[in-house]
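Just so it is clear, the model here is predicted, and its values are computed rather than measured. The chains referred to below are lettered A, B, ... by the order of the sequence lines, with proteins before strands, and numbering in each begins at 1.
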Number of protein chains: 2
Amino acid sequence: MRMEQKHCDATETLKKAGLTKTDQRVAVLDALIYADCPLKAGDILQRASRQIKINRVTVYRILSLLCDHKIVREMSFEHGISHYEMACVHNPVHPHFYCRRCGRITCLPPLTLSQAWDWLSQPSDFSVERINVQLIGLCADCRNNENSNSVASEGFIKTSGGKV
Amino acid sequence: MRMEQKHCDATETLKKAGLTKTDQRVAVLDALIYADCPLKAGDILQRASRQIKINRVTVYRILSLLCDHKIVREMSFEHGISHYEMACVHNPVHPHFYCRRCGRITCLPPLTLSQAWDWLSQPSDFSVERINVQLIGLCADCRNNENSNSVASEGFIKTSGGKV
DNA sequence: ATATGAATGCAACAAATTTGCAATCCATAT
DNA sequence: ATATGGATTGCAAATTTGTTGCATTCATAT
């Protein structure tokens with residue numbers, strides 16, 4: 001019987017997705033796998049650079065690739081900067097707290113809708129000024145015209161006539 | 001008896017906030033007041049320019065001012081671009097749908113948590129691939145150190161020991 | 001009408017991200 | 001093991017978004 005892992009393995013992740021293994025991709029994945037909060041591209045460059053030689057542009061390209069393959073989630077808070085986090089089984093979708101003063105991002109526990117109700121009644125260390133709920137996907141038009149150049153068209157939830 | 005207005009009036013909004021009325025501010029507000037979805041700074045510049053002469057920098061400065069005064073809400077979806085919408089009585093906080101293909105943003109109906117549960121069971125025109133929940137405010141550290149330079153410190157919800 | 005502080009325009013800067021192309025690397029078939 | 005070809009990376013430069021400093025213009029209270 002195999003032990004359950006706490007983190008994904010970069011090499012295995014690439015293999016499972018049918019992606020070529022390169023030192024740069026492993027380093028970027030490692031940075032994300034062992035991060036305790038979403039990272040900016042610059043953070044990832046910095047951490048990956050401790051491991052190997054890697055260019056800023058390569059970081060962006062790898063992140064874009066990983067997002068297309070739904071290995072990584074991209075999110076954006078204020079001030080026009082993207083943050084990235086693993087989208088693996090060890091890191092299910094969850095809310096984030098963004099401090100508008102120091103910019104620190106805190107991952108909040110993943111909650112079902114009914115759990116959220118309870119959670120919202122609990123004391124908190126944060127002053128919440130605003131809550132943003134974003135649904136991301138394809139609009140009706142784009143879903144219909146999705147003939148060409150659609151890289152990330154695998155595994156999304158069809159909802160027309162069904163559930164969201 | 002006065003008719004209920006469907007939209008805010010730009011001049012009145014500025015007056016109520018104690019802000020100087022200028023052609024540029026009115027034009028920026030008009031763009032936002034009559035928009036049917038959140039706008040990028042570039043969109044606002046374009047629309048305001050149809051009305052008056054206005055500089056790109058001025059748009060950013062006015063948006064920043066309006067956000068500080070909680071007249072306007074700022075939000076950010078993918079790719080690190082800010083979008084802005086009115087934060088007035090005619091436009092209560094609500095979720096947004098972001099199409100990752102065409103970038104169009106659709107405002108969704110404002111919902112309480114219990115309404116959301118029902119809403120999520122309804123058919124939809126969107127393929128929702130991901131849901132982002134962002135809580136924005138001040139972390140514990142920053143709330144304590146909030147002595148100096150705190151412009152937007154009016155009217156936020158204190159939650160330590162209380163409700164989020 | 002005039003003075004004064006606030007608001008705007010302009011130019012330049014800064015940061016994040018993207019693009020084009022040449023050089024290098026990886027995976028596979030020999 | 002090695003050659004090969006397509007994929008991946010590095011580098012430079014461009015693009016986009018947003019910011020800063022300073023001179024000029026504007027709004028408003030006298």
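- Rounded to a whole Å, the CG atom of B:N55 is 15 Å from the P atom of D:dT25.
- At C:dA6, none of the side-chain N or O atoms of B:T20 fall inside 4.0 Å of OP1 or OP2 (strictly under the cut-off).
- Phosphate proximity of D:dG18 to B:S82: present, with a side-chain N or O under 4.0 Å from OP1 or OP2.
- Closest contact between the side chain of B:T22 and the listed nucleotides C:dC10, C:dA7, D:dT9 involves C:dA7.
- Side-chain N/O atoms of B:R61 and base N/O atoms of C:dG9 include a donor-acceptor pair closer than 3.5 Å.
- Comparing B:V57 and A:D23, the nucleotide of DNA chain D nearest to each residue sits closer to the 5' end for A:D23.
- In this structure, A:L14 atom CG and C:dA27 atom C1' are separated by 14 Å, rounded to whole Å.
- Atom CG of B:L66 is separated from atom P of C:dA7 by 11 Å (rounded to the nearest Å).
- The shortest non-hydrogen separation linking A:V28 to A:A48 is N-CB, 4.4 Å.
- Distances shown here put every side-chain N or O of B:Q24 at or beyond 4.0 Å from the OP1 or OP2 atom of D:dC26.
- The nearest whole Å value for the distance from the NZ atom in A:K40 to the P atom in C:dA14 is 17 Å.
- The pair B:R47-B:D30 does not meet the salt-bridge criterion, since no charged nitrogen lies less than 4.0 angstrom from a carboxylate oxygen.
- Per the geometry, CZ belonging to A:R25 stands 19 Å off P belonging to C:dT24, to the nearest Å.
- A donor-acceptor pair under 3.5 Å is absent between the side-chain atoms of B:R25 and the main chain of B:L14, judged by distance alone.
- Distances were taken from every side-chain heavy atom of A:Y60 (C-beta onward) to each of C:dA16, D:dG10, C:dG9; the shortest belongs to C:dA16.
- If you take CG of A:L19 and P of C:dC25, they are 20 Å apart, rounded to a whole angstrom.
- In this entry the distance linking CG of A:D43 with C1' of C:dA15 reads 14 Å, nearest Å.
- Remark: the backbone N or O of B:K40 is paired with a side-chain donor or acceptor of B:D43 at under 3.5 angstrom.
- Here D:dG18 presents its C1' atom at 13 Å from CD1 of B:I44, a figure rounded to the nearest Å.
- At the heavy-atom level, B:K53 lies under 4.0 Å from the strands shown only through sugar-phosphate atoms.
- In the model, A:Q24 has no side-chain atom that pairs as donor or acceptor with a side-chain atom of A:T58 under 3.5 Å.
- If you check distances only, the side chain of B:R56 never reaches the base of C:dG9 with a donor-acceptor pair under 3.5 Å.
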